[in-house]
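Chain letters run A, B, ... following the sequence lines, proteins first and then strands; every chain starts at 1.
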Protein chains: 2
Amino acid sequence: MDRSGSPAAEPGSDTRHGFSTQVTVDVVALTVRADRLEVLLVRRDEPPHAGCWALPGRFVRDGEDLEPAAARALAEKAGAPGLAAHLEQLRTYGAPERDPRGRVVTVAYLAFAPAPPSVAGALDARWFGLAELQPPGAHRLAFDHAAILADGVERARAKLEYSSLGTAFCTEPFTAAELRRVYEAVWGVPLDPRNFWRKISSTPGLLLAVPGRSIPGPTGGRPAARFRRGPATVLHPPILRPQPDPYPPPHTPLSPA
Amino acid sequence: MDRSGSPAAEPGSDTRHGFSTQVTVDVVALTVRADRLEVLLVRRDEPPHAGCWALPGRFVRDGEDLEPAAARALAEKAGAPGLAAHLEQLRTYGAPERDPRGRVVTVAYLAFAPAPPSVAGALDARWFGLAELQPPGAHRLAFDHAAILADGVERARAKLEYSSLGTAFCTEPFTAAELRRVYEAVWGVPLDPRNFWRKISSTPGLLLAVPGRSIPGPTGGRPAARFRRGPATVLHPPILRPQPDPYPPPHTPLSPA
DNA sequence: TCAATAGTGTCTTTTAGACATTATATG
DNA sequence: CATATAATGTCTAAAAGACACTATTGA
């Protein structure tokens, strides 16, 4: 922005201002249902990539800010307007050839939603388990949406470590076990219920106790305490996901020459 | 992107495609010089905000990807082309009224650079210590660049915790003390040299020993070992900055009703 | 009763923070 | 010599991971 013809003047056809570009928003909307991480996709009915599944998105209108545009894109496709409990900017993608129609720069957003009670409109919008999208064949997403989705999932995994946003996947009131299953689904690893409970219960401001108790499932079990989201937004200390050892020898001091 | 007239058709003047928008890139280029965090600013010579200092930026050209555009904006203003040791996307800003000339969406980038040997062109580009920009009066940045700068600084502080990017501020070869002073400058807190050494030396792949030794300063002192950046990109375990207690009572277990 | 889930406590290992001590330079 | 900086070691407290045990439900 904000740069007008100055020192290094532009010689091309776009001297003073850059040429014009289309700006869109796309939303990586994630939810956890049945211990599985899912993403909301819509089927494209027009070229390019007609028939392909894509992230819900829309053009940014004149006078419309980016985040409201993303919220509207999500509300239009998912049916429920207030679906997402959290919406944040993910990243912007602007490779020149990413859209065959011309130069289209998209600002991707990341949304966390509790599992929606009804399975969306069922028509041309659907929640997909991430496993369905991974295998070689599977579905091929339109444009560069597979890369955007991968970035969104990685961001979500990192966010759960340092922020309280795991609770954005839970329908209030929720139990500690429900929150733990969110972590397990997003990270794809099992967590020790007792250690997990210790961590979340010792983080001030993360959980607010709600009077009643949960009703056990058909297999029985002790009723669980219920909580609402607290005012805390960051986790201290963080809940770090189990690490696939990054570099070979752990704790090998240096031997300077 | 990628959304063509579908279910919720657009009624306004922009039916099929959105209206056209200018897209720019702006760079928050940071460096550490004399134990101080500094940012590169350029003086605007044209309206709007003529005479104000601003982040270096430029319009994105046809066929040009975003990151190369940011790299070029930085190279043009800072003189040195290969200045930055690291360049990453920060965030995109697109509030409708952020530029009086019309709708301009800017993709902000964050650059880390070793302290440049010469103080830039000196003409209309300068490195500013962050303290110079904080006080009430001080300099007022053009557009929403103050907010972008604040986001960039916060991102830099967070990055130092979990990534090896602190080394991007160091000129190779560097010593452990130089890297520590980078952390102290970016975080604005003093760190224990011994504990800091233990952390960075026990992180595999972070530092590569270089044969020689540093020459002590005029005040003497034992010569320090020298290092290059290693292949590691993430820090395990992280080097967490001292925390301003987020919520009142630390480690207060819950008392469910 | 048993099986299942919730919640608490204990032990060990790891890591962080504070700080003493030794090594090697300049003046 | 004194002073400054680098590098290593030691101690304590906090946190993580593994896991035993008790509590309360449904069948």
Side-chain angles (χ1 to χ4, degrees), chain A residues 35 161-162 173-181 183-184 187 189-204 206-207 209-210 212-227 235-243 245 249-257, chain B residues 35 161-162 173-181 183-184 187 189-204 206-207 209-210 212-227 235-243 245 249-257:
Chain A
D35 300 349
E161 295 189 306
Y162 306 110
F174 55 88
T175 69
E178 284 164 10
L179 181 57
R180 176 172 49 83
R181 278 189 279 269
Y183 274 77
E184 292 175 329
W187 286 350
V189 297
L191 298 177
D192 185 288
R194 297 154 294 187
N195 293 337
F196 184 81
W197 165 261
R198 181 182 54 197
K199 292 181 187 181
I200 62 171
S201 63
S202 66
T203 299
L206 176 64
L207 301 180
V210 167
R213 301 233 143 211
S214 72
I215 52 173
T219 68
R222 175 175 170 175
R226 304 189 306 172
F227 304 95
L235 292 187
H236 278 296
I239 303 179
L240 298 176
R241 51 186 150 165
Q243 281 294 338
D245 312 83
H251 206 85
T252 303
L254 293 178
S255 49
Chain B
D35 299 349
E161 294 189 307
Y162 306 110
F174 55 89
T175 69
E178 285 165 9
L179 181 58
R180 176 172 51 82
R181 278 188 278 269
Y183 273 78
E184 292 175 330
W187 286 349
V189 296
L191 298 177
D192 186 286
R194 299 156 291 189
N195 293 337
F196 184 80
W197 164 260
R198 182 182 53 197
K199 291 179 186 182
I200 62 172
S201 64
S202 67
T203 299
L206 176 63
L207 302 179
V210 166
R213 300 231 144 211
S214 73
I215 53 172
T219 68
R222 175 174 170 175
R226 304 189 306 170
F227 304 95
L235 292 188
H236 278 295
I239 303 178
L240 298 177
R241 52 186 149 163
Q243 280 294 338
D245 312 80
H251 206 86
T252 302
L254 292 178
S255 49

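What you find for B:Pro216 and B:Gly221 is that their closest heavy atoms are CG-O, 3.2 Å.
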**Nucleotide-resolved protein contact map, nucleotides 20-27 of chain C, B/S/- at heavy-atom distance under 4.0 Å** = B--BBBSS
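A distance of 12.0 Å separates CZ of A:Arg181 from CG of A:Leu191, quoted to the nearest 0.5 Å. From A:Arg180, atom CZ reaches atom NZ of A:Lys199 across 13.0 Å, with rounding to the nearest 0.5 Å.
Taking atom CG of A:Leu179 as the reference point, atom P of C:dG7 lies 12 Å away to the nearest angstrom. Regarding B:Phe196, its CZ atom lies at a distance of 12 Å from the P atom of C:dA16, rounded to whole Å. A:Ile215 places its CD1 atom 14 Å from the C1' atom of C:dT5, with the value rounded to the nearest Å. Atoms CD1 (A:Ile200) and P (D:dA15) sit 16 Å apart, rounded to a whole Å. A:Lys199 has its NZ atom 17 Å from the P atom of C:dT8, to the nearest Å. As a whole-Å value, the separation of A:Arg226 CZ from C:dG7 P is 12 Å. When the P atom of D:dG9 is taken as reference, atom CG of B:Asn195 falls 14 Å away, rounded to whole Å. Distance, B:Leu191 CG to C:dA18 P: 11 Å, rounded to whole Å.
Using modelled atom types, no side-chain atom of A:Thr203 and backbone atom of A:Leu235 make a donor-acceptor pair closer than 3.5 Å.
Side-chain contact check for B:Leu179 versus B:Phe196: some heavy-atom pair is nearer than 4.5 Å. Looking at A:Ile239 and A:Tyr162, their side chains never come closer than 4.5 Å, going by heavy atoms from C-beta outward. Residues A:Glu161 and A:Trp187 are in side-chain contact: their nearest non-hydrogen atoms beyond the backbone lie under 4.5 Å apart.
Dashed line: the shortest gap from a side-chain N or O of B:Arg198 to OP1 or OP2 of C:dC19 is not under 4.0 Å.
The listed nucleotides are D:dC19, C:dG7, C:dC19; the one nearest the side chain of A:Asp192 is D:dC19. When the nucleotides D:dA6, D:dC19, D:dA7 are ranked by their closest atom to the side chain of B:Trp197, D:dA7 comes out on top. Considering only the side chain of A:Pro237, D:dA15 comes nearest among C:dT8, D:dA15, D:dG17.
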